Amino acid sequence: MGYNFTDIEKKWQARWKENNTYRVKEDESKEKFYVLNMFPYPSGAGLHVGHPLGYIASDIYARYKRLQGYNVLNPMGYDAYGLPAEQYAIKTGQHPAITTEQNIARYREQLDKIGFCFDWEREIRTCDADYYHWTQWAFIKMFNSYYDNDACCAKPIAELCEKLAAAGTAGINAACGKELELTAEQWNAMSEKEQQETLMNWRIAFLGETMVNWCPALGTVLANDEVVDGVSERGGFPVVQKKMKQWCLRVSAYAQRLLDGLNTIDWTDSLKETQRNWIGRSEGTEMEFYVKDSEKHFTIFTTRADTIFGVTFMVLAPESELVAELTTAEQSEAVKAYIERTKKRTERERMVDRSVTGVFTGSYAVNPITGENIPIWVSDYVLSGYGTGAIMAVPAHDSRDYAFAKHFGIEIRPLIEGCDVSEESFDAKEGTIINSPTAAFASCGLSLNGLSVVEAIAATKKYVSENNLGRIKVNYRLRDAIFSRQSYWGEPFPIYYKNGVPCPIPEECLPLQLPEVEKFLPTESGEPPLGHAKMWAWDEANRCIVDKTLIDEKNIFPLELNTMPGFAGSSAYYLRYMDPKNDKALVSEQADKYWQNVDLYVGGTEHATGHLIYSRFWNKFLFDLGYSVVEEPFKKLVNQGMIQGRSNFVYRIKDTNTFVSLNLSKEYDVTPLHVDVNIVKNDELDIEAFRAWRPEYNDAEFILEDGKYICGWAVEKMSKSMYNVVNPDTIVENFGADTLRLYEMFLGPLEQSKPWDTNGIDGCHRFLRKIWNICFDKEDNLVLTDEQPTREELKAIHRLIKKVSEDIPNFSYNTTVSAFMICANELSSLKCNKRSVMELFVIVLAPFAPHICEELWSLMGHTTSVCDAEWPKCNEEYLKEDSIKYTISFNGKARFTMDFAPEAAREEIEAAVLANEQSQKYLDGKSIKKIIVVPKKIVNIVIG
RNA sequence: GCGCCUGUGGCGAAAUUGGUAGACGCGCCAGACUUAGGAUCUGGUGUUUAGCGACGUGUAGGUUCGAGUCCUAUCAGGCGCACCA
């Protein structure tokens, strides 16, 4: 008999469900604690053993907090919209809703077996209309808002309209696409349609003509974080740049707050750093350059204003509107050809091939300080999306400008004392400025010679702004998020087009349900899949969806055909868990006030520049409007590492069906082949299972070492094709969920990526059996007694309580599991069978191994769940030692040990050590220079 | 190129934050009990040496009575950003 984990786990999982053990309600009498996992996308492959890692870690934390008396919210749901279900639908015609439903069922089944304390009553799915109602609602709020830079918050667009009507753009400092200057008269003279188009310049959710990452294979655009190395993150298809009209979110308006907010939250430094890089704040100067013999002028952005005297050419981005304006007749053919060429290149080609290219426009700019004439070039090394899409080039002090100047034979003018620019540019921001200005321009009124770079930048900035040549400017790398996707399986936009003007559906009419379509592909005319939907027009008067053949542009209008991207539904889901059934609001004020924000968020680093930026932005927006009480959604973030696969190999001798064991394989000409890790144990191949694995191996022959076939191994991505996928279900079947939970934590530090290796799991399983065997005899009779525990027993259990209480808040779960094992070994060798000791053990173990602990707890006679026990406090009294072993060293070398009473004074210890016989041997008549006594540890005697 | 992180037995890893390495687990070795089990228990297990001992935390220096931990240089691996002006 013994520890029957299968029955125990089934029994308690059923009982938890029946008793609603994990249901949570707001309870003002208790302090709240909100634990959250990044919810999964339910993929068709189901869970492998790596997925639950973070869930287990947060589950342990949630259970621990509950034992400490907190009211713990630990919800779970599904990020159900996504490309795989849609791709599958295109291939098979199966509706993505059905695929998704099936996958969710499978996920749930797998999750339930592991014994999580999720409150499933609060489950959400982003594809449920009850849920995306609030995604659409938030979008309308963003559509109806602008960002006031002075007040640093979002405000209703109606307020902006009033200001425009009263005084035009004067006095308005708002986040916008383009700086506009309008008088009130101009604004008021505009038609309704013109006004609406102009407002797009300020709306937080706006329709914008932008360069987008177009993925032809997927037939949709992608956000910057969805493009990796010039190909799509999902599928790895090529991505090209294309100008398209798209819904965008003005995330850039929040750049500074997203940056500042990082200082207020408890995330790892590396993740914060990643976000800082992504936001990419850069302080610099904008300067106006006039075109020679012309009224035309343009703006450039530079962080090195001090190098203004070293500018020997200007460069425009090929996409810049200025290119056409500034190209002279003689150069127009060459420029046109160049632009055609760059347009054809994909993002990937551009990244791989970094050869220097460019073309002269024929025009010259005038240096605003020296009056010098500078040729204007076009080159694709200047990006249209950053800064102003135009730069002043200083080849001596910028490596890219340097490469360009060398290639085209342009002057390189060094400005820093002692720098050598014959081979490469001097990019460092250090040194003393010279040649600024050179003799030819000595009378320009600005001299930087003798200043350091930092001083020179400041001096130039001052000069530029005082003389109205430009202004100080902060630039961000962070771009506005492109929010349209040409897909079917996503949230529909609550937008219809009235004579081309986008209008939101009234809030009361939400949710706008995703319509049925016949095909999930784009239409023949190139519209997104929603173009196939029949019932997809808005009846404005009756406020309902109608057949699109009825569109008359008077009462009935076409609806938006794009859908929202994956990050839409995941941006505010944490708020929805607080009040998931509310049909009046995203979250009630009362629930929001109680749960506030997420205290502990657990998930992978791969969302650093996607979800974790969008979600922070989205919640800051809701905070501005008063719908969320806390500005930052995730107080503490823990990133669990990735679980990689550990593949096994067999070695087949070429052109035979004979396999040779690892250490003998060098003697033969062999081909390594992946073998299913599930038929290998401790790298030893189960030969019979191997023969049965595949028909072609039925009659395989083996060359063994020591009677065994040893496999080779390697760490690779966990994937079907490498036969290294391990399912949690298999582990649960063989060892039980409690063992799986313990082992996943024991594997190594939570944040570290590590390969899954089933080899060590026996140790964790043995530990649980040991606990069981302490409590039961061979006939399964409980053998616990009510006797007083001995001092040794108390010491062992209180040491454990102390260790566990210290480790859990630091997520050092791997050492906690070790501590459990040590304590179990101690108790076992002390033959401890005291109920009071084992009760304490069971409580502290319960977060890690809830099933066995519930069973033991109930067998000990408790009628309530172990979840509602009280977390024990460590009694330091029991930890006191009778004596302390000191290591005695001479000149830092440990020689012997001596015991002293815990409160022994320094002098006492010194005297005793010096009087010791062995000391005499090491002292050997040498003089003592110093004696160092480290309390409770070491006495080091320095001699010489 | 810029920024961040990691290097410890055959393997996964510990190390109270500067206190005298390798806890715990796997594996391996030996033994016990067993009508054999992928069970349980006990002991051993960094290298070297017959032994005392010596040497050991990627490499080379340094600070210190004392360094896996701090400093300098260097090598290797990983991650993020990247024509960002």
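Model, not experiment: these values are computed from the prediction. Lettering of chains follows the sequences in order, A, B, ..., and the numbering in each one begins at 1.
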Watson-Crick or G-U wobble mate for [N], both contacts under 3.5 Å:
N: B:A67; answer: none
N: B:C79; answer: B:G3
N: B:A54; answer: B:U47
N: B:U40; answer: B:A32
N: B:G9; answer: none
N: B:U17; answer: none
N: B:U72; answer: B:A60

Please determine, for the side chain of [X], which listed nucleotide ([options]) has the closest atom?
X: A:Ile932; options: B:G19, B:A85, B:C24; result: B:G19
X: A:Met821; options: B:C24, B:U20, B:A85; result: B:C24
X: A:Pro749; options: B:G80, B:A14, B:C83; result: B:A14
X: A:Ser270; options: B:C4, B:A85, B:G38; result: B:C4
X: A:Asn940; options: B:U40, B:A23, B:G66; result: B:G66
X: A:Ile938; options: B:C24, B:C65, B:G19; result: B:G19
X: A:Asp398; options: B:A54, B:G25, B:A85; result: B:A85

[atom1] atom, [N] versus [M]: distance in rounded Å?
N: B:A73; M: B:A82; atom1: P; value: 28 Å
N: B:G9; M: B:G56; atom1: C1'; value: 10 Å
N: B:U72; M: B:C4; atom1: P; value: 13 Å
N: B:A15; M: B:U57; atom1: C1'; value: 11 Å
N: B:A14; M: B:G58; atom1: P; value: 15 Å
N: B:G19; M: B:G68; atom1: P; value: 10 Å
N: B:G46; M: B:C11; atom1: P; value: 14 Å
N: B:U8; M: B:A67; atom1: C1'; value: 14 Å

Would you please confirm or rule out a distance under 4.0 Å between OP1 or OP2 of [N] and any side-chain N or O of [X]?
X: A:Thr815; N: B:A23; answer: no
X: A:Arg477; N: B:A82; answer: yes
X: A:Lys930; N: B:C65; answer: yes
X: A:Asn814; N: B:A23; answer: no
X: A:Tyr381; N: B:A85; answer: no
X: A:Gln752; N: B:G78; answer: no

5'-most contact on RNA chain B (nearest-nucleotide basis), A:Lys803 vs A:Lys770, goes to A:Lys803

Taking for each residue the nucleotide of RNA chain B with the nearest heavy atom, is it A:Pro755 or A:Ser829 whose nucleotide lies nearer the 5' end? A:Pro755

Distance-only, no hydrogens or angles: does the A:His397 side chain make a donor-acceptor pair with backbone N or O of A:Phe426 under 3.5 Å? yes

Is A:Lys880 salt-bridged to A:Glu876, going by a charged N under 4.0 Å from an acidic O? no

Kindly check if the number of other-residue, nucleotide or ligand heavy atoms within 6.0 Å of [atom1] ([X]) is above 12?
X: A:Met642; atom1: CE; result: no
X: A:Asp269; atom1: CG; result: no
X: A:Arg471; atom1: CZ; result: yes

Need one value for [X]: base, sugar-phosphate or nothing, where a base atom within 4.0 Å counts as base even if backbone is also close, heavy atoms only.
X: A:Arg766; value: sugar-phosphate
X: A:Arg281; value: nothing
X: A:Leu383; value: base

Could you give the [atom1]-to-[atom2] distance, from [X] to [N], as a whole number of Å?
X: A:Glu273; N: B:A82; atom1: CD; atom2: P; result: 14 Å
X: A:Glu688; N: B:G38; atom1: CD; atom2: P; result: 15 Å
X: A:Tyr813; N: B:C24; atom1: OH; atom2: P; result: 23 Å

Taking the ring centre of each residue, are A:Phe404 and A:Phe313 less than 6.0 Å apart? yes

Is the cationic atom of A:Arg616 (NZ for Lys, CZ for Arg) positioned less than 6.0 Å from the six-membered ring centroid of A:Trp278 and within 45 degrees of its normal? no

